[in-house]
Amino acid sequence: MPAIAKKSGLNGWKLNTEAGRQWWALVDKTGNYTLSEDAFKYNKATNPNSGDRVYRAQMIENMVIPELWEIPYPDDMSDIFARKVFQSAYRGVHFYKHLQSAGGHWPGDYGGPMFLLPGLVIASHITQPPLPETHLALMCRYMLNHQNSDGGWGLHLEGASTMFGTVLQYAALRLLGTPANDIRMVSARSWIHNNGGATTVPSWGKIFLRLLGAFDWEGNISLLPVMWLMPRSLPFHPGRYWCHARMVYLPMAYCYGHRVTGPVTPLVEELRNELYTQPYNTINWAEARNACATADLYYPQSAMLKGMNRMLNVYEKIKLKGLRKKALDFCLEYIDAEDEHTNYIDIGPVNQVMNSVCVYHAYGKDSVQFKKHVERWNDYLWVAEDGMKMQGYNGSQLWDTVFATQAIIEGGFEKHFPDTVERAFNFIDNSQVREEVRDHHNFFRHDSVGGWPFSTAAHGWPITDCSAEGLKTTLLLKNSSVAATCKMHDEALRLKQSADLLLSMQNQNGGWASYELTRAPKWLELLNPSEIFGNIMIDYPYTECTSACIQGLAEFSKHYPDYRRNEIDTAIDKGLKFILSQQGDDGSWYGSWAVCFTYGTWFATEALTTGNRQLTTEIQSALNKAAEFLLSKQNADGGWGESFESCIQKRYIPHTTSQVVNTSWAVLSLMAIREFAVGSQQSAINTAIQKGVELIIQRQQANGDWEQESISGVFNHNCMISYTSYRNVFPVWALGRYVKQNKTTS
Ligand code: LAN
């Protein structure tokens, strides 16, 4: 354990922000900034999710909690319960406003996956610039904090132990100086050995170990760089992959083709000895190639892929050198373009560190490219009471800001917090993509202008639903009491560009995917080599993305009724049909990006009840079924709670306790549906809403915050991810909707 471990407590860490960019620094211990270390206790046994306490403590230090009598509920609100709801929502917004950055966005912990930080530690070992000394202890603390009681680590922080998680944390902890005889390393090693040793680590783990020099090339599947030179019209051309798969397999192919390996230091030699169940030089690497630990196996490699791999590994021995060089030159050109397009942030945490290794290999450690990469490492790091982690993106800035804004204005709270909303609007305004990136079609990018990214303008990859939420929020603000101060410069042009972009991103089947059109058939999933993620090969249409696009376009048409009206109407109708087609027999919708059916159902029902459409009998019956589904899942305490296992197993699996976030989605959804419900269903819905809202209020803390409960985000069915903002935003949104619907009831 580094010597600095004891010295760098959490009380001196402070988040800096600039135009959405976020980075943590240890401020001068002698400065004014001190908080009690006691505030930052983390206990995995109580809750493996940290509560983002370090950032929150920094922001709420001087917060004064409003007394109930100071909260100004509207004069026409005669119903006692509605007043209570109003006060709770008001406190929720009052608390949350303190977390807003000067630039208008809401920073928050976006951790969860456990395979990201080790990737960075390995990259820094290969490229040798030391990670700042102040960081090392906190990184170790994070990894050790998340060790499971059986000695291993999961794919994500709530997951049961996997070979992927365990081998990577083990290697990273050792690289950061944890001795092999540390009791926690000893138990990690026995987990690894008892479960088959590191030869059974899934393919991405093999790639990381190989870069490090602790795995043999023979044991890796070929990532065939020459695929990039094939005709673009081929259905399996990598330019057709989902952009995340495309951008991760690109640097992987570069490293594979160049056999990039870090320095085999004595420590790496030790890892070779420690990670395997037999001596390193006796391992049968060809056999290891297809081995995957049972604990990890979620999406087995298909027979077709295995067959292809066998052939490709033969090709590797006879490959055409000239062609390989040409392919690798293209890979580097594309890596450079991605770096430039995203200001070296890159689309995500995996290709960020992989590209760092590639440019280090191509241009050297003193190159501008490499230095720019290293600077951006900080954008991915986050400090919370569990230590320093690497996040799933460079943040969720835009996403959190559009949701927070909608949550606040739903109940009219912008009247009470105009500055907060104005600052949020400025952030949204500044985050829209205004220019196309260089040579975007050559590098397989869809158009970007008019879109919004998930994080920051500097990252710049537009996403369908982020764009739609950006558009919708901007327009909703025009109808709010802060319209005068939330004016977008060049609004008509920019919002039309946004609508154009959304229209261009709709698939033939009416659904919207995440970043781009679906570019290849579903069978391409048979080439998914990851073993641990589902649905990564192509960009599939999603209920959530489709719902957001429908809502964005519908709002747009209200404000610009003459602009491409027929096309928008058709797009919305096709989108609604797609959503109807996704409803399960039990009336629910599967959610792909959060846990799980309550999330999907909330999105779907928002779209189906979106104004300015005719309520067809089909929609009516879908809404009735959705209500039945939600009613059937309400717990006796009034809440809803869903386990992340729902995402993995694709069937509803209840959590052991109600969750505030699930409850908020369910209640929001029921409130969207209730005006379309009839007879006895309507009164059942009303009771359910009342009980759900009561639970949300009960769970609120005196300062207006809600406790961090279980993890709520997910990607690719199997990996969970934290959305810290959700525990504040969705309760406020649900309470706000209740206020809106009950303003004048008595
Ligand atoms: C995200 C984060 C945002 C999310 C929403 C906008 C919420 C969603 O509605 C659409 C999909 C999207 C953009 C999304 C896709 C997958 C991401 C990028 C992530 C969950 C963040 C991290 C994850 C990424 C794939 C992690 C790296 C792992 C790989 C398998 C490449």
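Atoms within a ligand are numbered from 1 in the order they appear, just like the ligands themselves. Keep in mind that what you see is a predicted model, and the values were worked out from it rather than measured.
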### Task
Examine the side chains of S514 and W242 and answer whether a donor and an acceptor come within less than 3.5 Å of each other.
yes
## Note on the structure
Applying side-chain hydrogen bond (donor to acceptor under 3.5 Å, both in side chains) to R376 and not counting sequence neighbours gives D379
### Query
Of all residues at least two apart in sequence or in a different chain, which pass the side-chain contact (heavy atoms from CB on, under 4.5 Å) check with E709?
Q659, V660, R699
### Message
I'd like to check the side-chain hydrogen bond (donor to acceptor under 3.5 Å, both in side chains) partners of Q497; sequence neighbours left out, ordered by chain and number.
### Response
none
#### Entry: Among Y380, F454, W399, the one residue meeting ring-ring contact (aromatic ring centres under 6.0 Å, His included) with Y393
F454
Can you produce the list of protein nitrogen or oxygen atoms under 3.5 Å from a nitrogen or oxygen of ligand 1, alongside each distance?
| unit_1 | atom_1 | unit_2 | atom_2 | d |
| --- | --- | --- | --- | --- |
| ligand 1 | 9 (O) | D465 | OD2 | 2.3 |

### Query
When the ring centroid of Y96 is compared with that of W106, is the distance short of 6.0 Å?
yes
